[in-house]
Trainee: 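Quick one: this structure, given as structure tokens, is what I'll be asking you about.
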Amino acid sequence: MSKDQYKYLLNETDIPKHWYNINADLPAPPAPVLNPQTLEPVTPEFLNVLFPLALIQQEVSTDRYIDIPEEVREIYKLWRPTPLIRARRLEKYLDTPAHIYFKNEAASISGSHKCNTAVAQAFFNKAEGTKALTTETGAGQWGSALSVACNFFDMDLEVYMVKVSYNQKPYRRIIMQTYGAEVYASPTDRTEIGRRLLAEDPENPGSLGIAISEAVEVAAHSGGQKKYSLGSVLNHVLLHQSVIGQEALKQLDLAGEYPDVVIGCVGGGSNFGGIAFPFLHENLTGGKKTRLLAVEPEATPSLTKGVYAFDYGDTAKMAPVMKMYTLGHDFVPAPIHAGGLRYHGMSPQICALYDAGFIDAVAVPQMPTFEAAIVFAKTEGIIPAPESAHAIRAAMDEALEAKAKGEKRVILFNLSGHGLLDLSAYDAYHQGLLQEDSYEITREEILRRLPEVNLAE
Ligand SMILES: *Cc1c(COP(=O)(O)O)cnc(C)c1O
């Protein structure tokens, strides 16, 4: 193996044959998921209105490994295994003794890690006879991934796209339509919640919470024809993303290294969980001590400033209630350009692990994040998604700290997607139009908005 290697590549036969399920290794049993109407633990029948049984089983399974169906692996071959790249030019620019590696999920067919779960979810829905899926999308990455997946499995798809993103990102809409999806600017007049919000304010810019409510409402009222699909947050989504970390473990082994720190940006937590959990498994069972660092924007700091409590998954209180670090389900975030990170809550698995001290989190401001994105583009040649740039910022900060301390540090981060369809955000940066938005809300204010949950112990 050459000493100055850049790319660590695997063969198609190295695509994982199973997903890794962190439920098997959680320090404590997960909190129950609650029915939003009764605030009692959900029944499988309730969840089955929205999701196929196979995904509900994955949601609660405590099996450590779950087989990846051959049909799904076959489609994964279109882009997996993704490359692991040593960011040598970035290291040189930073003049750091640290070794920086990134897993390039931008190399997928839709440009982000989201296809890993989209294909799996489409497969399991198709297998149970679902005719169409409904979903929400923020920046459009999830909608694009699910559009191509539904197209492969010959299923219809309705996408409720947050209105600000719909207007800022017409190219994502066109991609979804090219794959055959129907795309609506949310809030729409197609649902009760949408009509109510538009009556209150015709200029409502939308939010992920609202778009989720619309997609859930359509599926719930479809008489079983349509199911709902979520691109992050839920356990089965993080499960599917575990292919990222499993491959990265093998690739770092090829490089003869092991990471001191693994970094990912967090919106709902799926790309971070995907890269970090297989390393967490090594921490828990293999005596390793890798630091796992989740990075969020200061404008939506659910982990670092939220409250750990039961909250609704959506604005209209139709989606299940989960225990998570939350900013409140009616939170409407500042229109920062990292659309995929604007969710009020966070994966319950990540929250439980963060609460138990197995995961670290940091919030970074928008301006230094874009500065990091530009440095990365100029050194490594890839224009990152604004979401991924949060992980790059944190990775650069780690490398600079290693330099200040004069220590070698092995840093791995997930490049969750490319930014070639987020150029309006880069344009705003170049023109000096980006504003720093930090989130000002007290714990008391968040607490006042939360549902009152009294579970029998
Ligand atoms: C959706 C998205 C994210 C945020 O979602 P997670 O579930 O937290 O991974 C991050 N990066 C990109 C490129 C995305 O598309």
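Residue numbers run from 1 in the order of the sequence given. Bear in mind that the values here come from a model prediction, so they are computed numbers and not experimental data. Whatever order the structure lists ligands and atoms in, that order sets their numbers, starting from 1.
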Trainee: Using the ring centroid of each side chain, check whether Phe331 and His344 are separated by less than 6.0 Å.
Mentor: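 Distance test on ring centres: not under 6.0 Å, no.
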Trainee: Of Arg190, Glu182, Glu214, Glu217, which is the lone residue that meets side chain to side chain donor-acceptor pair (under 3.5 Å) with Tyr160?
Mentor: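 Of Arg190, Glu182, Glu214, Glu217, side chain to side chain donor-acceptor pair (under 3.5 Å) with Tyr160 is met by Arg190 alone.
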Trainee: For ligand 1, note which part of Asn271 has a heavy atom under 4.0 Å away: side chain, backbone, both or neither.
Mentor: both
Trainee: Ser232 heavy atoms, cut-off 4.0 Å: which ligand 1 atoms fall inside?
Mentor: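 Selected atoms, number and element: 6 (P), 7 (O).
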Trainee: Any chance the rings of Phe370 and Tyr426 have centres within less than 6.0 Å?
Mentor: yes
Trainee: Who gets closest to atom 2 (C) of ligand 1 by heavy atom: Glu105, Glu387, Lys114?
Mentor: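 Considering heavy atoms of Glu105, Glu387, Lys114, the nearest to atom 2 (C) of ligand 1 sits in Lys114.
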Trainee: With heavy atoms only and a cut-off of under 4.0 Å, state how Ala385 meets ligand 1: side chain, backbone, both or neither.
Mentor: side chain
Trainee: With atoms numbered from 1 as shown, which atoms in ligand 1 lie under 4.0 angstrom from a non-hydrogen atom of Gly417?
Mentor: 13 (C)
Trainee: Using ring centroids (six-membered ring only for Trp), state whether Phe277 and Phe272 fall under 6.0 Å.
Mentor: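 Ring-ring flag for Phe272/Phe277: false, centres at least 6.0 Å apart.
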Trainee: In this structure, are over 12 heavy atoms from other groups packed under 6.0 Å from Lys250 atom NZ?
Mentor: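 Counting other residues, nucleotides and ligands, NZ of Lys250 exceeds 12 neighbours.
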Trainee: Under a heavy-atom criterion of less than 4.0 Å, does Gln241 contact ligand 1?
Mentor: no
Trainee: Using distance alone, determine whether Gly269 and ligand 1 share an N or O pair under 3.5 Å.
Mentor: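 Yes; the residue has a nitrogen or oxygen that sits under 3.5 Å from a nitrogen or oxygen of the ligand.
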Trainee: Would you say Ser388 and ligand 1 have an N/O pair spaced under 3.5 Å apart?
Mentor: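 There is no such contact.
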Trainee: Within ligand 1, which atoms have a heavy atom of Ser416 less than 4.0 Å away?
Mentor: 10 (C), 11 (N), 12 (C), 13 (C)
Trainee: Take Tyr325 and Tyr354 through the ring-ring contact (aromatic ring centres under 6.0 Å, His included) test and state the conclusion after the steps.
Mentor: CA-CA 9 Å; Tyr325 281 85; Tyr354 177 65; 5.2 Å; yes
Trainee: Can you find an N or O of Gly267 that's nearer than 3.5 Å to an N or O of ligand 1?
Mentor: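 N/O-N/O distance under 3.5 Å: yes.
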Trainee: Quick one: pull up CG in Leu47 and CZ in Phe51 and give me the separation to the nearest 0.5 Å.
Mentor: 7.0 Å
Trainee: In terms of side-chain geometry, is the basic nitrogen of Glu128 or Lys227 positioned less than 4.0 Å from the acidic oxygen of its partner?
Mentor: no
Trainee: Mark up the atoms of ligand 1 that fall under 4.0 Å of a heavy atom belonging to Val266, in ascending order.
Mentor: 8 (O)
